[in-house]
Amino acid sequence: MKKTLTYKILDAHKVSEDLENNKMSIKIDHTLTQDATGTMAYLEFLSFGIDKVKTELSVSYVDHNTLQNGFMNADDHKFLQTVADKHGIVFSKAGNGICHQVNLERFAKPGKTLLGSDSHTPTSSGVGALAIGAGGLDVACAMAGMPFSIVRPKVVGVKLLNKLRPGVSAKDIIIYLIGKMTVKGGVNKVIEYYGEGVKNLQVPERATICNMGAELGATSSVFPSDENTLEFLTLQGRPEDYVELSADEGCEYDENIEIDLAELVPVASCPNSPDAVKPVSELSDIKVDQVLIGSCTNSSYYDFVKVASILKGKKIHKDVSLGIAPGSQQVLQMITKNGILDVLLEAGARILESACGPCIGMGQSPATDAVSLRTFNRNFYGRSGTNSAKVYLVSPEVAALSAVNGYVSSPLGMELNEFSLDVNYPKCDSLLYKPTFTSEVVMGPNIKPIPKFAPIGNSFTAKAMITLEDNITTDHIMPAGAKVLPYRSNIEKISEFVFSNIDEDFSKRCLENGAGVIVAGSNYGQGSSREHAAIAPRYLGIKAVIAASFARIHKKNLINFGILPIEIAIEADLLDEIEVSFDKENVKVVNKTKGESYETTCDLTEEEYSLISVGGLLNTF
Ligand code: MIC
Ligand code: SF4
């Protein structure tokens, strides 16, 4: 049978299959963690009592919490470094760059499976790996050699034709696709790219597209590995990692989409959702206050070449603040050597650390009501740190041109690339540490043990602690940013902030009531992989989330921590009394306040059901 590239890789890693429940489990070759999810992941890994990771390669990055306002972040970094050294994990120190950019440069290999405790892990699929985002506990299990289970994904074949026009970017391809498929259109699907247009995209462009496939809710995205991949890996000094990979000619996809690259125009994701897409030409009367170029989506050398060719000899508009965060030390070294940094400085850019920074609200929050143009991947409500800010997601070309003009501007037709791409990439690995197995784990006062949770039981009555609309993000549930991120290793403290951007009293209300349920619309928990969005509500007494549908990673995180995800749309108001009873087959929900009752099938596998029954995965060890 002719196979898609997705199933070639999945089948080569298949450990077991449960066709009745449409699930499969796969062997994981590589893992990555970042600090904001990593401290939990390693606390979980340590609880297994295993000496050395069982993967081919595991890398621990520090890139999110690099602000170090107080001892908390630095405590986390030390913990991560010592765990890595002791247990056979490569450590990437703060300053080395954003996990996905560094992983693409230094480690990603075609044909390998990579599981990362960050939703943008699929960035590494740009070289033809199958890279998947997951909660920290799933990654901890993979490091312990356990298979990872997924819903057998549908494969969406995206055929790319022709070539992008000048001024149109890989970012426009993925924003266009998100506009078409919406933020829930990719749930339990892999987006597979093929067609003659693929060869016109370099690996960094493919990585941008795979990165933002996370905004479709997709399990992963994948590109074939071809001569461009070989060139990229050769420039990175690791041509031996190359394997040619593609789908079988004539294979069948579950869904088909065709994109003529030559017809695309610059587009933007408008506030506050990546799928609120408009052509940039329709936004030209919007005055811009801030422009930020960076994040794991667009911070490659390739991106800065284009930015510099727009900024060369120009000054940014006096009312605009332009921040630049190169994705890695390697990128920073390259732009320094090749004169790009000078161009950026002369134009008036502020140079930020090679880290996630403003993408996760760690600094650079815009002014009240300000318009911020970002080359990032998420513009969810409140994520920038300023609830009233209007954040637009755009390509580096749109960002750079708009920074000069002071208004949203379309670069369509602009010939770019004055700087050579043919450079020797510095193998700047001075902040990467191979394990020496000599450290003792250091747990500073910021690292608190993970709370133990009792099982929720098969029937309970609890009040609706909050009622929510569709597409609630993990940024709504468990906000990030400079104030909250330092507490990622302290569940009791971080639980004070659950839903705090939209409902200040949530955590107090939960603690007063002792137990509760969350009622929501479709695609609940979209966005990040942060398992804190499950653990902290569980800590506050949440026993079930009743939602019309769930995002993939968040649903798994809920199950992992013993919260029952119930997939059904119900009517409820705040503090309505909700009775839940369930067994292996069925779930019954009664809104006792309204006198309405609902029934649905229990769509948990045998294994998931037993996890809920014992109070979560950690109780099984
Ligand atoms: C994000 O982009 O939302 C994050 C911050 O990288 C998260 C992980 C986290 O919350 O720590 C993600 O994408 O999974
Ligand atoms: Fe970091 Fe932003 Fe990428 Fe998340 S999306 S990994 S916060 S740069």
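The shown structure was predicted, so the numbers you read here are calculated from the model rather than taken from an experiment. Both counts, for ligands and for their atoms, begin at 1 and track the order of listing. Side-chain atoms are counted along with the backbone in the values below, which use heavy atoms only and exclude waters and symmetry mates.
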Return a yes/no value for [X]: is any of its N or O atoms, backbone included, closer than 3.5 angstrom to an N or O of ligand 1?
{"X": "H64", "answer": "yes"}
{"X": "N377", "answer": "no"}
{"X": "Q34", "answer": "yes"}

Is M478 in contact with ligand 1, taking contact as a heavy-atom separation below 4.0 Å? no
Salt bridge [X]-[Y], side-chain N to carboxylate O under 4.0 Å:
{"X": "D475", "Y": "R530", "value": "yes"}
{"X": "D76", "Y": "K78", "value": "no"}
{"X": "D138", "Y": "K556", "value": "yes"}

For the residue pair F561 and F453, categorise the inter-ring angle as parallel (less than 30°), tilted (30 to 60°) or perpendicular (more than 60°). perpendicular
Pairing residues for R552 by the salt bridge (charged side-chain N to carboxylate O under 4.0 Å, His left out) criterion, not counting sequence neighbours: none
Taking 2.8 Å as the upper limit, name the protein N, O or S atoms near atom 1 (Fe) of ligand 2. C356 SG
Decide salt bridge (Lys or Arg N to Asp or Glu O under 4.0 Å) for K23 and E608; before the verdict, give the C-alpha distance in whole Å, the side-chain angles of both, and the deciding distance to 0.1 Å. CA-CA 12 Å; K23 293 258 173 134; E608 290 168 339; 2.6 Å; yes
Close approach, E215 and ligand 2, non-hydrogen under 4.0 angstrom: no
Show your working on ring pair (Phe, Tyr, Trp, His ring centres under 6.0 Å) between F45 and H87 and close with a plain yes or no. CA-CA 10 Å; F45 176 79; H87 293 281; 5.6 Å; yes
Is ligand 1 under 4.0 Å from a heavy atom in the side chain of D118, in the backbone, in both, or in neither? both
Quick look: R383 vs ligand 1, heavy-atom contacts under 4.0 Å, and the answer is side chain
Against heavy atoms of N377, which atoms of ligand 2 measure under 4.0 Å? 5 (S)
Around atom 13 (O) of ligand 1, find the nearest protein heavy atom and jot down its residue, atom name and distance. S119 OG, 2.6 Å
Criterion ring pair (Phe, Tyr, Trp, His ring centres under 6.0 Å) on H30 and F107, from CA distance to verdict: CA-CA 9 Å; H30 296 176; F107 300 113; 8.1 Å; no
List the steps and the verdict of salt bridge (Lys or Arg N to Asp or Glu O under 4.0 Å) for K555 and E567. CA-CA 10 Å; K555 182 173 179 187; E567 206 151 328; 3.3 Å; yes
What part of R383, side chain, backbone, both or neither, has a heavy atom within less than 4.0 angstrom of ligand 2? side chain
